[in-house]
Amino acid sequence: MRLLVCGGAGFIGSTFVRQRLLEHGDTVIVLDKLTYAGREENFHDVASDERFRFVRGAIEDPDAVASTLDGGIDAIVNFAAETHVDRSIAEPDAFVRTHALGTYVLLEAARERELRYVQVSTDEVYGSIDVGTFTEDSALRPSSPYSATKTGADLLVQSYFHTYGLRATIVRGSNNYGPYQYPEKLIPLMVLNALHGDALPVYGDGMQVRNWIHCTDFAHAIGHVLAHGDPGEVYNAGGPDEQANIDVVRRIVTLTGASEDQIEHVSDRPGHDRRYSLSSDKVCALGWTPRVRFEDGLAETVAWYRDNAWWWEPIRSGEYRAYYERQYGRALS
Ligand SMILES: NC(=O)c1ccc[n+]([C@@H]2O[C@H](COP(=O)([O-])OP(=O)(O)OC[C@H]3O[C@@H](n4cnc5c(N)ncnc54)[C@H](O)[C@@H]3O)[C@@H](O)[C@H]2O)c1
């Protein structure tokens, strides 16, 4: 298959690219703007593959998108997004541009060329759930500028199926973790701070529950929907385990040999969703199943960050330091 993977230089996108090249023998073009979260380093092990090509460009730029499609592409898979809820609260404009305008430009390109289209989305479109679990038919109740603009993109994708017959599917994932995740997100933030002896800033009481999925499982779910999903359908892909944030942090303390004294409760994020939970029955019925249990995946993830300082050192010594100081009111060591 020949794929255009938008946002493929990020955490989950690069995991998906690696799987498509190494496990499926696909031809892959990545279109990525390389925001602070996108990095060519994420392709270090596949960049020399002759079936791989990287193009730096924005999905909201129709010329950049067209330039990647001219050689013949079977499907567009769109990961491109601004993904950090805290940044969406401080600066929502990029979220609107990428999720609304960018998705529209990609949909138009797919419609003109009659390509298949997969939109990568999130459980956050459903909002928070105290008990029970969300299905694909649950109401959409996003609560942050991140999740609201992701919801808007999902609705636009569905409109292109209903109005133009575009062969589009949507895959909504739960909280991902694993190698190559930018350290502003909970797990790499805590792992790197723990390894450096820095404070471990936990929002509020830390009892926010997340349904953790390893990035390789989520990427496989997306590939599975690409191969077997029905056009116009939405598929949830959640991980096998739910964990409160504070329990995740305690596990990281144990795995890194840090001290629980490093845990510091800080003011909660405004509008912070309490619990996410996804039913994945529909995608499991297509033959997908998550393979990595959280306990094992977290231990492997901690080991990866410990062993791959080449990957995170440039981040931790760059712009991220200023972001961290703004966000948590203290400097990194
Ligand atoms: N990380 C999670 O827990 C999670 C869970 C469910 C769904 N998702 C979804 O998965 C997708 C990927 O998430 P991630 O965690 O890998 O994110 P990420 O922040 O690591 O990567 C996003 C990538 O998109 C690129 N990008 C941003 N704006 C762009 C634009 N306008 N044009 C082209 N490229 C652009 C960035 O440079 C980066 O490479 C997103 O759509 C996100 O909503 C993420």
Whether His44 and Tyr180 hold their rings parallel, tilted or perpendicular, with breakpoints at 30° and 60°: tilted
Test log, rule side-chain contact (heavy atoms from CB on, under 4.5 Å), inputs Asp86 and Glu184: CA-CA 9 Å; Asp86 288 340; Glu184 66 192 354; over 6 Å; no
Close side-chain approach of Asp45 to Arg18, heavy-atom, < 4.5 Å: yes
Trp288 vs Asp217, side-chain hydrogen bond (donor to acceptor under 3.5 Å, both in side chains): CA-CA, chis, key distance, verdict: CA-CA 9 Å; Trp288 172 84; Asp217 277 335; 5.1 Å; no
Hydrophobic cluster identity match, Ile129 and Leu140, side-chain contacts under 4.5 Å: yes
Any donor-acceptor pair under 3.5 Å from Thr133 side chain to Ser279 backbone: yes
Carboxylate-amine/guanidinium contact Arg2 Asp74, below 4.0 Å: yes
Distance under 6.0 Å and angle within 45° of ring axis: Arg269 vs Tyr203: no
Exam field: side chain Tyr235 to backbone Asp230, donor-acceptor pair closer than 3.5 Å: yes
Side chain proximity check, Glu233 to Lys282, heavy atoms < 4.5 angstrom: yes
Donor-acceptor pair, side chain of His214 and main chain of Asn176, under 3.5 angstrom: no
Parallel, tilted or perpendicular: ring planes of Phe54 versus Phe43, cut at 30 and 60 degrees: tilted
Expected output: side-chain Arg39 to main-chain Phe11 donor-acceptor under 3.5 Å: no
Intermediate values then yes/no, side-chain contact (heavy atoms from CB on, under 4.5 Å), Asn175 and Ile213: CA-CA 6 Å; Asn175 274 61; Ile213 185 168; over 6 Å; no
Mutual orientation of the aromatic rings belonging to Tyr177 and Trp212 [parallel < 30°, tilted 30-60°, perpendicular > 60°]: perpendicular
Expected output: side-chain Arg250 to main-chain Ile246 donor-acceptor under 3.5 Å: no
Closest non-hydrogen atom pair between Gly57 and Ala64, with its separation: CA-CB, 4.4 Å
In residues 23-31, what donor-acceptor pairs under 3.5 Å come from side-chain atoms, sequence neighbours left out?
residue, atom, partner, partner atom, Å
Glu23, OE1, His220, NE2, 2.8
Asp26, OD1, Met1, N, 3.1
Asp26, OD2, Arg20, NE, 2.7
Asp26, OD2, Arg20, NH2, 2.9

Side-chain heavy atoms of Ile315 within contact of Pro183, under 4.5 Å: yes
Any Ile170 side-chain heavy atom under 4.5 Å of Tyr117 side chain: no
Check: Val120 main-chain N/O paired with Lys150 side-chain donor or acceptor under 3.5 Å: yes
Non-hydrogen atoms of Ala237 and Val171 that approach each other most closely: CB-CG1, 4.3 Å
Ring center gap for Tyr276 and Tyr126 short of 6.0 angstrom: no
Ring geometry between Tyr146 and His99 (parallel below 30°, tilted from 30 to 60°, perpendicular above 60°): perpendicular
Non-hydrogen atoms of Ala100 and Leu156 that approach each other most closely: O-CD2, 4.1 Å
Any Leu226 side-chain heavy atom under 4.5 Å of Arg116 side chain: yes
Common cluster, Ile76/Phe52, ILVMFWY with side-chain heavy-atom separation under 4.5 Å: no
Pairwise side-chain contact, Tyr104 with Glu108, heavy-atom cut-off 4.5 Å (strictly under): yes
Between CD on residue Glu112 and OH on residue Tyr164, distance to nearest 0.5 Å: 11.0 Å
Arg87/Glu82 ion pair, N-O < 4.0 Å: no
Flag if over 12 foreign heavy atoms under 6.0 Å of CZ, Arg113: yes
More than 12 heavy atoms from other groups under 6.0 Å of CZ on Arg141: no
Nearest heavy atoms of Thr98 and Ala81, plus distance in Å: CG2-CA, 3.8 Å
Short N-O contact, Arg316 and Glu313, less than 4.0 angstrom: no
Greater than 12 external heavy atoms within 6.0 Å of Glu295's CD: no
Asn211 side-chain N/O to Ser174 backbone N/O, donor-acceptor pair under 3.5 Å: no
Non-hydrogen atoms of Cys6 and Ile59 that approach each other most closely: CB-CG2, 3.7 Å
Test item: Arg210 side-chain N/O and Gln243 main-chain N/O as donor-acceptor pair under 3.5 Å: no
Test of ring centre spacing under 6.0 Å for Phe79 and Phe16: yes
Candidate list Tyr182, Tyr36, Trp312, test ring pair (Phe, Tyr, Trp, His ring centres under 6.0 Å), partner Tyr320, passing option: Tyr182
Where Pro290 and Pro240 come nearest, the two heavy atoms and their spacing: CB-CD, 4.0 Å
Whether over 12 other heavy atoms sit under 6.0 Å from Phe161 CZ: yes
Heavy-atom check, side chain of Pro270 versus side chain of Ile89, under 4.5 Å: yes
Pairs where residues 54-69 contributes a residue and the test side-chain hydrogen bond (donor to acceptor under 3.5 Å, both in side chains) is met, not counting sequence neighbours: Lys33-Glu60
Ion pair Arg274/Asp205, N-O distance below 4.0 Å: yes
4.5 Å side-chain heavy-atom contact, Leu186 and Asn245: yes
Ser138 side chain to Thr135 backbone, donor-acceptor under 3.5 Å: yes
From CA spacing to verdict: side-chain hydrogen bond (donor to acceptor under 3.5 Å, both in side chains), Gln119, Thr169: CA-CA 6 Å; Gln119 177 77 359; Thr169 46; over 6 Å; no
same_hphob_cluster(Tyr160, Val105) at 4.5 Å side-chain heavy-atom cutoff: yes
Check: Arg51 main-chain N/O paired with Asp49 side-chain donor or acceptor under 3.5 Å: yes
Neighbour count above 12 (heavy atom, 6.0 Å) for Glu114 CD: no
Steps toward side-chain hydrogen bond (donor to acceptor under 3.5 Å, both in side chains) verdict (Ser333, Asp198): CA-CA 6 Å; Ser333 64; Asp198 283 325; 3.1 Å; yes
Ion pair check, Asp93 and Arg97, cut-off under 4.0 Å: yes
Lys/Arg N to Asp/Glu carboxylate O, Arg293 vs Asp296, below 4.0 Å: no
